[in-house]
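Encoded as structure tokens, the structure appears first; notes follow it.
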Amino acid sequence: MKHLVKGQGFGAVIGVALMLAVFSLIDFSGWWTAQTMSNVIHYTSILGILAMGQALVIMTKEIDLSVGSVYGLAGIAFIMLQPALGVPGAIIAALIIAAAIGLLQGFGVVKGGLPSMIVTLGGLFTVRGIIYVWTGGSVKAFPEEARNAVVTRLFGGEILGLEAAVFWMLAIGAVLNLMLWATRFGNHLLATGGSAESADSRGVLTGRVKITAFVLCSVLAGFAGILTLADQPQTHVTIGDLMELEAISAAVIGGCLLSGGRGSLTGAVLGAFIVTSFRYELIALGAPSSWFITFVGVVLIVAVIFNQKLARMAGHSV
């Protein structure tokens with residue numbers, strides 16, 4: 001058993017199995033339908049990309065509360081800049097904006113010596129304010145020509161009958177897992193979260209590692225926003241609202257310890273699947289939307305406790 005729980009995503013696997021069993025008992029005919037599963041998998045892909053970025057930051061013993069706003073700003077930048085830059089140019093510009101936000105926040109945490117929760121909370125409100133100012137509170141949409149562009153369909157269309165976002169999430173997950181478990185940077189990232197002092201003494205540039213993690217997190221959030229708006233190219237000022245809580249919950253459910261140094265990108269995606277599944281099932285059962293927020297809060301607390309117990313069973317200090 002001890003060997004089994006050493007896998008950081010073990011808790012998420014248990015959670016997925018239990019959730020599917022419960023949903024099958026409660027609402028078998030409503031849950032196991034092509035439309036329901038298609039919707040769940042599509043949104044899981046979007047949230048999974050955010051959750052993987054959040055997981056990288058959490059592994060460094062930091063947190064990013066701004067990802068929902070960055071998600072929204074990058075998506076809106078993609079729509080708003082398209083007339084001037086074209087679809088490819090708008091995508092690049094949106095990702096640069098997202099990367100710049102991550103870089104600024106990373107510098108604020110590392111060079112300014114400020115808590116990441118405060119820096120990124122400020123980022124959350126600042127970026128959300130920019131969204132309101134830039135859009136003027138109005139809805140914007142793509143022209144028909146841009147909607148039908150090849151690049152737009154590559155990001156927001158279907159491939160082999162599945163939403164393109166699914167394939168992007170799988171590709172990003174494969175690259176990030178390879179980076180985390182097979183490169184020096186991945187080793188440095190986990191070492192930074194485990195013990196920054198020890199990592200510093202061994203020559204790890206922990207500040208650079210943290211800044212890179214913040215940039216990656218923001219870029220992934222921005223990319224998820226682009227995927228969403230490419231599929232449904234119409235903005236609204238509340239886009240991405242509270243997604244930071246969903247991303248954090250997914251990462252923690254997936255096995256990331258808030259104490260840093262331990263986590264799973266695959267587990268983060270499984271956590272995103274759990275969060276998304278409960279959202280759709282509550283909607284299907286006619287439950288008030290406020291129940292979902294309650295669920296996220298409760299599950300986040302339970303996941304933290306459960307992950308700490310698993311970590312202790314595996315011999316890790318938390």
With rounding to the nearest 0.5 Å, note down the distance linking CD in Glu145 to CD in Gln82. 8.0 Å
In one Ile/Leu/Val/Met/Phe/Trp/Tyr side-chain cluster, 4.5 Å: Trp181, Leu178: no
Using distance only, find each side-chain donor-acceptor pair of residues 40-48 under 3.5 Å and give its atom names and separation, not counting sequence neighbours.
unit_1: Tyr43; atom_1: OH; unit_2: Glu246; atom_2: OE1; d: 3.3
unit_1: Thr44; atom_1: OG1; unit_2: Val40; atom_2: O; d: 2.6
unit_1: Ser45; atom_1: OG; unit_2: Ile41; atom_2: O; d: 2.9

Please set out all donor-acceptor pairs under 3.5 angstrom arising from side-chain atoms of residues 222-232, sequence neighbours excluded.
unit_1: Thr228; atom_1: OG1; unit_2: Tyr71; atom_2: OH; d: 2.6
unit_1: Thr228; atom_1: OG1; unit_2: Ala224; atom_2: O; d: 3.0

Is any side-chain heavy atom of Val67 less than 4.5 Å from a side-chain heavy atom of Asp64? yes
Are Leu154 and Ile79 linked, directly or through other ILVMFWY residues, by side chains that come within less than 4.5 angstrom of each other? yes
SG-CD distance between Cys217 and Gln105, expressed to the nearest 0.5 angstrom: 8.5 Å
From the list Val175, Asn187, Leu265, side chain to side chain contact (heavy atoms under 4.5 Å, CB included) with Leu180 holds only for Leu265
Same cluster or not: are Leu245 and Val119 linked, directly or through other Ile, Leu, Val, Met, Phe, Trp or Tyr residues, by side-chain heavy atoms under 4.5 angstrom apart? no
Under 3.5 Å donor-acceptor, Ser198 side chain and Ser195 backbone: no
Report yes if some heavy atom in the side chain of Val110 is under 4.5 Å from a heavy atom in the side chain of Glu62; otherwise report no. no
Quick one: CG on Asp200 to OG1 on Thr206, what's the gap to the nearest 0.5 Å? 3.5 Å
Under the side-chain hydrogen bond (donor to acceptor under 3.5 Å, both in side chains) definition, can you give me all pairs with a residue in residues 122-136, not counting sequence neighbours? none
d(Thr212 OG1, Leu56 CG) to nearest 0.5 Å is 10.5 Å
Hphob cluster co-occupancy, Met117 + Leu104, side-chain heavy atoms under 4.5 angstrom: no
Search all heavy atoms of Arg147 against all heavy atoms of Arg153 and return the closest pair with its distance. O-CD, 3.2 Å
For Ile58 and Ala251, the nearest pair of non-hydrogen atoms, with its separation, is CD1-CB, 4.0 Å
Expected output: side-chain Ser116 to main-chain Ile63 donor-acceptor under 3.5 Å: yes
Cluster check Val204, Phe214: I/L/V/M/F/W/Y, side chain < 4.5 angstrom: no
Where do Gly123 and Ser66 come nearest, in terms of heavy atoms and distance? C-CB, 4.0 Å
Closest approach of Met59 and Cys256, non-hydrogen atoms and distance? CE-SG, 4.3 Å
Would you indicate whether the side-chain heavy atoms of Met169 and Met52 approach each other to under 4.5 Å? yes
Between Ala250 and Ala51, the two heavy atoms sitting closest are CB-CB, 3.7 Å
Report the distance from atom CG of Asn177 to atom OG1 of Thr266, rounding to the nearest 0.5 Å. 4.0 Å
Sub-3.5 Å donor-acceptor pair from the side chain of Thr120 to the main-chain atoms of Leu65, do we have one? yes
Can you name the residues that form a salt bridge (charged side-chain N to carboxylate O under 4.0 Å, His left out) with Glu244, not counting sequence neighbours? none
Let me see the working for Val109 and Leu114 under side-chain contact (heavy atoms from CB on, under 4.5 Å), right down to the final yes or no. CA-CA 5 Å; Val109 172; Leu114 301 172; 5.7 Å; no
Above 12 or not: heavy atoms from other molecules or residues under 6.0 Å from CE of Met37? yes
Just distance, no hydrogens or angles: give the donor-acceptor pairs under 3.5 Å from side chains in residues 86-102, sequence neighbours left out.
none

Verdict with supporting geometry, Thr192 and Leu189, side-chain contact (heavy atoms from CB on, under 4.5 Å): CA-CA 5 Å; Thr192 297; Leu189 186 143; 5.8 Å; no
Sequence-distant partners of Asn39, side chain to side chain contact (heavy atoms under 4.5 Å, CB included), two or more places apart: Gln35, Tyr280
Flag the pair Ile172 / Leu220 as yes when at least one side-chain heavy-atom distance between them is below 4.5 Å, and no otherwise. yes
Any idea which heavy atoms bring Ala213 and Val57 closest together, and the distance? O-CG2, 3.6 Å
Could you check whether any side-chain N or O of Thr60 sits under 3.5 Å from a backbone N or O of Lys210, counting only pairs where one atom can act as donor and the other as acceptor? no
When rounded to the nearest 0.5 Å, the distance separating CG of Asp241 from CG of Leu124 is 8.0 Å
For Phe273 and Leu20, what are the C-alpha separation, side-chain angles and deciding distance, and is it a side-chain contact (heavy atoms from CB on, under 4.5 Å)? CA-CA 11 Å; Phe273 179 68; Leu20 293 178; 4.2 Å; yes
